[in-house]
Structures are given as structure tokens and as C-alpha cells.
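Have a look at the structure below before the remarks.
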Amino acid sequence: MSETYHPAAIEPRIQAQWSEQLADRADHGDGERFYCLSMFPYPSGKLHMGHMRNYTIGDVITRYQRMCGKRVLQPMGWDAFGLPAENAAMANGVPPAQWTRNNIDHMRSQLKALGFAIDWERELATCDPEYYRWNQWFFLRLLERGIAYKKTGLVNWDPVDQTVLANEQVVEGRGWRTGALVEKREIAMYYLRITDYAQELLDSLDQLEGWPEQVRTMQANWIGRSEGAEIRFACGDSDIKVFTTRPDTLMGATYMAVAAEHPLARAAAANNPALAEFIVACQRGGVSEADIATQEKLGMDTGLKAIHPLSGAELPVWVANYVLMGYGEGAIMAVPGHDERDFEFARKYQLPIVQVISRPDEQPYDDQQWHEDYATREGHLVNSGPYDGQTCPQAHAAIVADLEGRDAGNSRVQFRLRDWGISRQRYWGCPIPIIHCDHCGDVPVPDEDLPVRLPEDLVPDGAGNPLARCEAFVNTSCPRCGAPARRETDTMDTFVDSSWYFLRYTCSDNDQAMVDGRTNDWMPVNQYIGGVEHAILHLLYARFWTKLMRDAGLVDVDEPFARLLTQGMVLAETYFREDEAGRRTWFNPADVDLRRDDKGRVTAAVLRHDGAPVEAGGIEKMAKSKNNGVDPQALVEQYGADTVRLFSMFASPPTQSLEWSDAGVEGAWRFLKRLWAGIQAHLAAGPAAAFDPATLDDEGRELRRLLHETIAKVGDDFGRRYTFNTAIAAIMEFCNHLARYQGSPGATPGLCQEAWLAVIRLIGPVTPHIAEALWQALGQTGSLFEAGWPEVDPSALVRQSVTVVVQVNGKVRGRVELPPGSSREQIEQLALAEDNVQRFVADQTIRRVIVVPDKLVNIVVA
RNA sequence: GCCGGGGUGGCGGAACUGGUAGACGCGCCGGACUCAAAAUCCGGUUCUGGAAACAGAGUGAGGGUUCGAUUCCCUCCCCCGGCACCA
């Protein structure tokens with residue numbers, strides 16, 4: 001054993017041993033199965049801290065579970081299709097395929113250097129035809145079942161580049177490359193009927209007890225089930241169908257509003273140039289919900305009148321930009337008296353506002369000013385003819401019944417969730433296996449012709465999909481009639497790729513089927529780990545896809561992920577200088593030095609190479625745009641993988657954001673050096689004889705109690721709480737005690753040996769290389785990770801005495817020592833005898849004494 | 001705008017079920033070792049007052065419940081994530 005800690009020598013040696021032992025294979029060992037999965041990365045170039053943190057969390061859980069005797073599957077793969085590869089291609093002229101595969105090779109080697117216990121035999125990349133052929137195959141099954149279908153949808157359109165833009169490519173209403181004002185455009189796309197599964201996706205959230213409550217809440221809100229009524233308003237020769245959650249307010253409807261894309265709006269615009277112009281104006285701007293929800297509410301009267309189904313009143317029909325074509329029917333009945341958005345709109349356009357629900361305590365209704373209580377269901381009906389005096393629930397039922405009687409409406413459940421549009425007008429994705437034939441229409445590619453391979457040599461230029469211009473790809477013949485035909489050039493949403501990759505890991509070598517029996521052996525994933533930013537979309541689509549595969553008889557599970565851990569983001573300080581024009585230049589924290597006052601407060605920041613000051617821009621998510629990214633690779637080279645792993649687990653609990661700190665990394669490095677030195681000193685003292693715990697002196701007994709308390713604490717933190725930061729803090733704390741004990745004259749070497757062996761096993765999941773090396777140095781044979789988790793000796797936990805805090809009126813005034821399990825009377829008596837307590841109780845009357853056994857006494861005086 | 005989360009010393013964070021606020025680490029201050037520095041080791045470190053014992057204040061702001069609130073309830077402020085074509 002070398003005298004000092006040299007990770008650069010240890011880590012490759014230990015990794016080679018693991019590799020030789022096939023230690024990381026999931027089909028190695030015979031314990032209970034445990035599937036530990038981290039969200040696979042997009043191969044963006046190099047590993048960033050978010051990846052590093054995500055995979056370290058997964059590895060800690062994997063190694064801990066393996067030490068507990070489980071047979072663990074921890075796979076890895078690549079979410080390899082997507083927009084960044086096209087952007088890189090535009091910037092560098094390199095085909096996305098080449099760029100992506102180079103990145104994968106580099107990032108794989110980075111992951112291997114970090115010592116993750118990954119079963120690399122199962123690696124997959126979604127851009128491999130052997131993977132995406134099953135996207136295509138299953139899409140064709142969905143088409144047969146009617147789950148996949150074609151309809152039109154709205155997209156962002158860049159009129160200059162003549163291309164569809166992603167929401168992130170729309171910056172302040174303009175195309176990111178051209179600066180042109182973005183328009184909404186309607187195009188034909190393939191959709192999946194996720195709304196057919198809305199109720200099940202909602203109901204089964206209750207079974208996901210291993211998921212964070214906030215994620216379940218977000219998904220439930222996203223699915224957005226609401227109960228209400230569908231109501232039909234006659235309008236000329238047709239009906240306007242609306243959905244409302246408040247049929248009880250029907251008598252307060254004073255106008256109708258339809259989306260700009262609503263057929264009625266279009267029809268009305270045909271001979272109304274002003275309206276046509278307004279509808280065109282509504283086409284401006286992006287399609288994202290955030291854009292639409294924050295824009296100014298605008299509208300225009302169509303001149304059409306709808307007939308109120310109960311009162312027979314004529315209601316004006318408006319086009320309004322706050323009505324969404326994608327939700328409900330693309331039309332609403334407006335009740336400005338009791339809906340805040342309708343109220344605002346009615347005030348703006350001087351439409352009538354009618355109160356139909358009473359206010360609390362019969363306060364008068366003020367139609368100049370919105371009040372929160374207007375939207376409640378607490379009151380009774382007013383101004384509603386026959387329904388006056390009924391409560392809201394009574395009126396709800398009565399009005400729906402009357403509508404049903406007139407065939408003008410019925411009860412209905414509505415979901416906010418919309419069907420999943422999977423078509424993308426992009427090159428770097430999985431081709432949709434459809435052939436367009438002039439005679440036969442849209443014809444599915446026969447199974448035996450799968451996969452439809454994506455040509456890998458194209459380079460996008462930002463103006464449309466290069467696949468559409470690739471004759472070799474597009475031109476084919478119709479599988480049905482043999483006539484010349486064209487391939488579909490849209491590709492699939494990359495969320496399709498990531499909706500089932502976790503199933504494929506279980507059988508990635510099977511070239512005959514999408515999944516097989518091994519899939520059911522491993523599923524569901526016991527622990528899934530990934531960023532909270534995926535809390536809704538990815539996780540919802542993966543749940544949905546799993547249910548689709550279940551209904552196709554391919555898998556048995558209802559839900560893919562039994563337990564979910566959502567990790568926080570990795571943040572770092574930002575530094576910048578601003579020029580006269582207000583443009584900011586950002587400097588990497590690694591190039592900035594801090595000045596401090598004598599209390600350690602930061603007073604200034606200067607750029608190292610020129611010594612001149614820079615401004616602190618606050619702590620932000622690590623990002624290229626702010627130049628505040630810290631490269632894990634550089635730190636691994638400087639300190640070794642174990643130090644970087646240790647710091648990233650120690651700095652904050654996994655679910656919270658982690659603020660990067662080079663000084664903190666230094667602290668982790670120092671701890672590992674002390675650990676090494678402590679064991680070095682222990683070994684230098686000669687062989688440790690066996691010892692009898694019963695013969696230990698007070699110091700020895702105390703140390704052994706701390707050791708076994710620490711073992712219990714760390715096991716709980718790793719296995720149940722997933723608070724790795726507190727586990728590491730407890731290990732550090734114990735090491736401080738152990739080093740002090742070891743250096744004391746009466747130390748028992750056998751106890752030190754027991755303690756060090758336990759410490760190494762406790763820290764092993766976090767810093768596996770140093771732990772394995774020290775395990776060997778302490779004369780142990782076989783791998784540390786085969787050695788099992790240390791067991792708590794209950795006899796070591798027994799205390800001689802406990803400290804009880806004494807409060808007077810809730811303030812701590814003293815402490816008393818007494819044997820555990822002392823009676824209330826004993827505790828109270830000793831507490832009252834304490835000197836400082838006496839000072840506060842002396843001339844006062846004791847009103848009450850609260851005793852929390854072995855912990856606290858509160859004496860209430862007056 | 002809507003949905004979800006967060007706010008505790010100079011800094012990252014701890015306090016798990018309403019019971020000692022500040023564990024552990026960083027930084028800073030003082031000391032040891034050294035010709036010196038680095039590394040390492042020892043001591044101190046929430047703020048205010050005090051030599052100390054100790055006292056007062058203190059968990060984003062304000063209010064409430066309770067013997068007792070970082071923890072539960074109400075109102076407000078600020079920051080972050082998601083919003084369906086970023087992944």
C-alpha cells in the first residue's frame with residue numbers, strides 16, 4: 001500500500017479488476033432482481049455535471065443494493081436522435097450521424113472513467129436501425145388498432161426559411177435564424193390516442209407510491225380531468241358545441257367565443273374582410289401555451305348569433321384569441337359574471353355582465369371589479385328564472401337534466417390532456433413507415449420491409465427537411481399496387497424513442513422481437529432516476545407506451561417505474577463584464593479569483609489573467625450561454641473519479657439543486673486523503689488481534705456505539721431516505737472520532753480494524769475505487785461489493801446515560817444527565833435541581849411540566 | 001397566465017413524526033510544523049452584549065395555532081422547473 005493516496009494509480013487498476021471479474025453484468029449472481037435505471041443521456045458532446053450527478057446517484061443505489069445481496073441491472077444507452085445534431089450539422093457541415101456517433105464514443109469513455117457499475121453488454125442507441133425498427137413495427141400495430149391516426153395540427157412556421165420551428169427556436173415571436181415573425185400553420189400529422197388512456201393514466205397514479213407526491217400532482221393536473229356538460233347552441237344551420245364545468249351558470253351566458261381556427265370563424269370571415277384580417281392576426285405568434293396564455297386578450301364579433309338553449313336569447317358569437325382550438329370544442333359559452341377571463345374580456349369589449357350566483361352574505365355584485373368569490377360554487381342562483389334559489393350543485397343537475405330533455409346537452413367528462421402528435425418535419429429521427437401512393441393513399445410499409453432506414457449522409461441547412469429532397473429515400477413503389485410512390489418524410493418525436501428504451505435493455509440482443517420473456521423478468525424498473533424537468537412529458541409518455549405494449553400482449557406490467565427519484569439541477573456562479581452597449585461577456589468560474597474580508601465574505605471577483613474585476617451574475621443552471629459549466633473530465637483528471645463522485649453526493653440531497661464549488665471538491669479530496677492516512681497509520685501499528693467487545697473501556701465502548709449508530713444511519717440513508725449527503729456527513733463524523741480514538745494511548749487495535757472495515761463498506765457505494773483498494777490493503781479477499789453490508793450489533797447501541805434538555809417557558813436553560821428510561825418524576829426532580837434552571841424558576845409558580853422521556857423537559861412558569 | 005418546487009450562519013447544507021436551530025463540509029481567524037511556502041495537524045467561528053459564566057435576538061416578510069414552530073394554518077414577497085416541436 002502506497003503511503004499517500006494516488007487515485008490516478010488506483011482507479012484504472014481497480015476498474016480493470018472489476019472488468020475481469022465481469023462484476024457489473026446483470027446476469028452475474030443469483031439474488032433477488034433489482035433494476036436500477038438512470039435516464040439515458042442525449043449525446044451532446046461531452047458529459048456534463050448533470051449527467052455526472054445523475055449516474056452517480058444511480059451507481060450509489062446500484063452498489064448499495066448489490067452489497068445487500070441483490071442482483072442489479074444498471075444499463076446505459078443513448079437518446080441519440082434530436083435537434084442538436086441538426087444544429088451541429090448546420091454549424092460544422094458534419095452529418096448528424098457522424099457527429100452523434102463520435103459523441104457517443106467520447107461520452108462512453110468518460111462514463112467508464114467514472115467507475116459506474118454499468119452492464120455495457122446491453123448498451124443501445126436510438127439512432128441504430130436495430131432499435132428504431134421496433135418503433136416502426138409498433139407504430140404499424142398502433143395504426144391497425146386505431147390508436148395511431150392522422151389529423152391536422154398547428155405548428156410554428158418560419159415564412160423565410162419555409163420550415164417548421166420547434167418552440168425553443170421561436171425567440172420573442174421570431175424565428176431564431178431568420179428573425180422573421182413566426183406564424184401558426186396547420187399541417188397533417190400522425191397522432192396517438194393518449195386521451196383513450198387518460199382515465200387509466202390518472203387512476204394508476206394512486207398506485208405509484210414510490211413516486212414523489214409533486215410529480216403525481218403535476219401529472220394529475222396535466223391530465224386535467226374535469227366533470228361538466230356539453231351544451232349545444234344553435235347557430236344558423238349548425239350547432240356550436242361547447243364544454244363547460246359550470247352548467248349552473250348557463251343563465252349568465254351573454255356571448256359565445258370561438259377559436260380563430262374554428263370552422264365557424266372561417267365561414268364568417270369569408271364575406272367579412274375585417275374578421276378575416278383579425279383571424280390572420282391571430283395566426284401571428286407561436287403555438288406554445290405559455291405564449292398564448294400571456295398574450296393580450298383580443299376578440300372580434302363575427303356578427304353571427306347563437307340561440308341560448310334554455311332562454312332562447314340571441315347571443316353574439318365572437319372570435320377570441322384566448323379560446324384554444326386544442327381544448328374541448330374550440331368554443332366556449334362566456335359567463336363574464338363568474339369567470340375571470342370572460343369578465344376581463346366583457347369589460348374590454350363592453351359585453352353584458354350578468355350575476356347569476358349570489359355572493360357570500362348577499363353582498364351586492366360589482367360589475368366594475370372582479371372579486372375572487374365570483375368564481376365559487378358556494379352561493380345560490382339568482383337572475384336565472386326557474387332555477388333561482390337553488391344551490392350550485394342543484395342547479396347543475398337541474399340544468400343538465402333540462403338540456404337533456406331538449407336534446408341540447410348532456411353530462412360529460414373532459415380532459416385537458418391532448419392526443420400526442422408524433423410527426424416531426426425533421427431529418428434526424430426515426431422515419432414513419434408509410435408510403436404515399438396516388439392510387440392507394442397512405443399505405444403502411446410491410447413488416448418484412450422494416451426497418452425503413454434513415455440515410456445517414458445528409459446535412460441539414462435549416463430550410464426544411466433534407467429527407468424530403470433526398471430522391472433515393474423518397475422514391476419507392478407502392479407495396480399494394482406497385483406503382484411509383486413516395487415515402488413519408490416526417491420522422492417520429494424523440495419521446496417515442498425514450499418511451500420504451502428501458503424495456504429494450506432487458507433484451508437488447510434480440511433481433512427477432514421488440515421484447516421477450518426477459519423483459520417481464522426485470523420489469524418494472526425498481527428505481528428510476530432523472531431530472532425533474534422530465535416530470536410530465538417523458539414520464540407520462542413512457543407510462544402510456546408501456547400500457548400500449550401491455551394491451552398488445554408484449555409486457556405484463558401496468559406501470560414501468562415503481563420508484564422515482566427526481567434529481568435537482570446543477571448550478572454554478574456566473575461572472576460577466578458589460579461593454580458600453582450593454583452586451584455581456586461571460587467568464588468561467590474556473591478563471592475567476594475571489595477576494596474576501598476577514599470574516600470570509602466575498603468582497604470582489606477578479607479575472608485571473610488580467611487581475612481586473614468582474615461582476616457576479618448570480619447562481620444559475622450550468623449552461624453554455626452563461627459560460628458557467630464545470631467540466632467533470634478536468635476534475636476527474638485532477639482529483640480522480642472518487643473525489644468528484646464524493647463531492648457531488650455530499651454537497652446537497654439528490655432531489656435539490658446542487659451548487660458547484662471547487663473549494664467543496666477540495667474538501668472531499670481532503671477527506672479521502674485522511675481516510676487513506678488513517679488506515680495507513682492503523683496498518684503501521686501492526687496486526688490487530690481479535691477483541692471481546694465486553695472488555696472495552698468507556699472510550700472503546702463509546703466508539704463502538706458510535707460505529708453501530710453510524711452503520712444504522714447510513715443504511716437507512718442509502719436504502720430508504722436517499723439522502724446521500726447526510727450518510728456521508730455521518731461517515732465523516734465517525735471517521736473524526738475514530739482517528740482521535742486510534743491516536744489515543746488505550747486504543748484497542750481490533751476495534752479499529754472492525755471500525756475501518758465497516759467504514760470502507762459504508763463509503764464503498766460512493767467512492768468505490770478507494771474503498772476496494774483499502775479493502776485489499778486491510779487483507780480482505782474478494783471484492784468489497786461481494787462482502788455484504790455491515791450488520792448493526794444491537795448490544796453496541798446500549799447507552800449508559802442520556803442528556804435531557806431542560807427548558808423554562810420553551811427556552812433552553814440547562815441540561816441534565818441521567819440513565820435512559822428514567823421516570824418522569826426522576827427527570828422532573830433532577831431538572832428542577834439544576835442551578836441555571838433554579839434561577840428562572842425560583843420565585844415563580846410552576847403551572848405545568850412537560851416531559852418528553854430521554855429528551856426534554858419544559859417547565860412552564862408564570 | 002396556469003401547474004409544481006424552493007427561501008435556514010460569510011457559503012453548500014443538517015435538524016427524518018411539533019421537542020436542544022446551525023450536524024458535516026467549505027471559507028475565515030488564531031496556533032503548531034517550516035529558513036519560507038505548500039501540504040498537514042490543533043483550536044475558534046450565527047449575530048449583538050460580556051473577560052467569562054451567561055443573557056438577548058434569530059430559519060424570506062407579516063399574522064395565527066401550541067407549553068414548545070425551520071416543521072402545521074393564513075396573507076404577502078422573491079427565486080427556480082414545466083407548459084405538449086429542447087431533451
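Throughout, protein chains are lettered first and strands after them, A, B, ... in sequence-line order, and every chain is numbered starting at 1.
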* Would you check if A:W222 and A:L540 make a side-chain contact, meaning some heavy-atom pair closer than 4.5 Å? =>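 In short, these two side chains touch, coming nearer than 4.5 Å.
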* To do: Would you check if A:R216 and A:L208 make a side-chain contact, meaning some heavy-atom pair closer than 4.5 Å?
  =>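 In short, these two side chains touch, coming nearer than 4.5 Å.
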Whole-Å [atom1] distance, [N] and [M]:
N	M	atom1	result
B:C77	B:U66	P	28 Å
B:A32	B:A39	C1'	14 Å
B:U59	B:A69	C1'	11 Å
B:A38	B:G49	C1'	40 Å
B:G58	B:G4	C1'	30 Å
B:G27	B:A87	C1'	37 Å
B:U17	B:G10	P	28 Å
B:A51	B:U65	C1'	43 Å

* Do the side-chain N and O atoms of A:S652 and A:R53 include a donor-acceptor pair separated by under 3.5 angstrom? ->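 Indeed, the side chains of A:S652 and A:R53 share at least one donor-acceptor pair under 3.5 Å.
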If the cut-off is 4.0 Å, is [X] near the phosphate of [N], judged by side-chain N/O to OP1 or OP2?
X	N	value
A:R424	B:C85	yes
A:R839	B:C54	no
A:R595	B:G10	no
A:T494	B:A87	yes
A:R848	B:C67	yes

Please classify the nucleic acid contact of [X] as base, sugar-phosphate, or nothing, using heavy-atom distances under 4.0 Å.
X	answer
A:A651	sugar-phosphate
A:V164	base
A:L417	base
A:F734	nothing
A:H534	base
A:N809	nothing
A:R813	sugar-phosphate
A:W222	base
A:P653	sugar-phosphate
A:S288	sugar-phosphate
A:N836	sugar-phosphate
A:T723	nothing
A:M492	nothing
A:K297	nothing

* Syn or anti for B:G5, please, going by whether the chi angle lies within 90° of 0. => anti
Taking pairing as Watson-Crick or G-U wobble with both contacts under 3.5 Å, can you name the mate of [N], or confirm there isn't one?
N	value
B:G4	B:C80
B:A32	B:U40
B:G25	B:C11
B:A57	B:U46
B:U71	none

Among [options], which nucleotide has an atom closest to any side-chain atom of [X]?
X	options	value
A:Q425	B:C3, B:A55, B:C85	B:C85
A:K811	B:G56, B:C83, B:A39	B:G56
A:M732	B:C86, B:G25, B:A55	B:G25
A:R670	B:G27, B:C85, B:C16	B:G27
A:A166	B:C83, B:C86, B:A55	B:C86
A:V860	B:G81, B:C67, B:U40	B:C67
A:D79	B:C86, B:A55, B:A87	B:A87
A:A293	B:C86, B:C83, B:G1	B:G1
A:M218	B:A84, B:G81, B:C85	B:G81

* **A:E372, CD atom: more than 12 neighbouring heavy atoms under 6.0 Å** =>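 Atom CD in A:E372 is not crowded, with 12 or fewer foreign heavy atoms closer than 6.0 Å.
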* Asked: Above 12 or not: heavy atoms from other molecules or residues under 6.0 Å from CD of A:Q214?
  ->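 Yes, enclosed.
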* **Pi-cation contact, A:F840 with A:R813 (under 6.0 Å, within 45°)** => yes
* **Pi-cation contact, A:Y191 with A:K151 (under 6.0 Å, within 45°)** =>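 Output yes; distance and angle both within limits.
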Could you state the atom-to-atom distance from [atom1] of [X] to [atom2] of [N] in whole Å?
X	N	atom1	atom2	value
A:M622	B:C86	CE	C1'	20 Å
A:R674	B:C42	CZ	C1'	13 Å
A:R645	B:G25	CZ	C1'	19 Å
A:I223	B:A84	CD1	P	17 Å
A:R193	B:A84	CZ	P	22 Å

* To do: Calculate, to the nearest 0.5 Å, the distance between atoms OH and CG belonging to A:Y322 and A:L298 respectively.
  =>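 These two atoms lie 11.5 Å from each other.
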* **Any residue meeting side-chain hydrogen bond (donor to acceptor under 3.5 Å, both in side chains) with A:T489, in chain and number order, not counting sequence neighbours** =>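 side-chain hydrogen bond (donor to acceptor under 3.5 Å, both in side chains) check on A:T489 returns nothing, list empty.
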* Is it true that A:F502 and A:F40 have ring centroids separated by less than 6.0 Å? ->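 They do not qualify: ring centres at least 6.0 Å apart.
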* Donor-acceptor pair present, A:R847 side chain and B:C67 base, under 3.5 Å ->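 Donor-acceptor pair under 3.5 Å: no.
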* Asked: Between A:D490 and A:Q425, is a side chain to side chain donor-acceptor pair (under 3.5 Å) present by the stated rule, with each step listed?
  -> CA-CA 5 Å; A:D490 279 1; A:Q425 298 68 45; 3.2 Å; yes
* Taking only residues two or more places apart in sequence, or in another chain, which ones meet A:E344 in a salt bridge (charged side-chain N to carboxylate O under 4.0 Å, His left out)? -> A:K297
* Structure fact -> Expected string for nucleotides 18-23 of chain B under the B/S/- scheme (protein heavy atoms, under 4.0 Å, primed atoms plus P, OP1, OP2 as sugar-phosphate) is -BBS-B
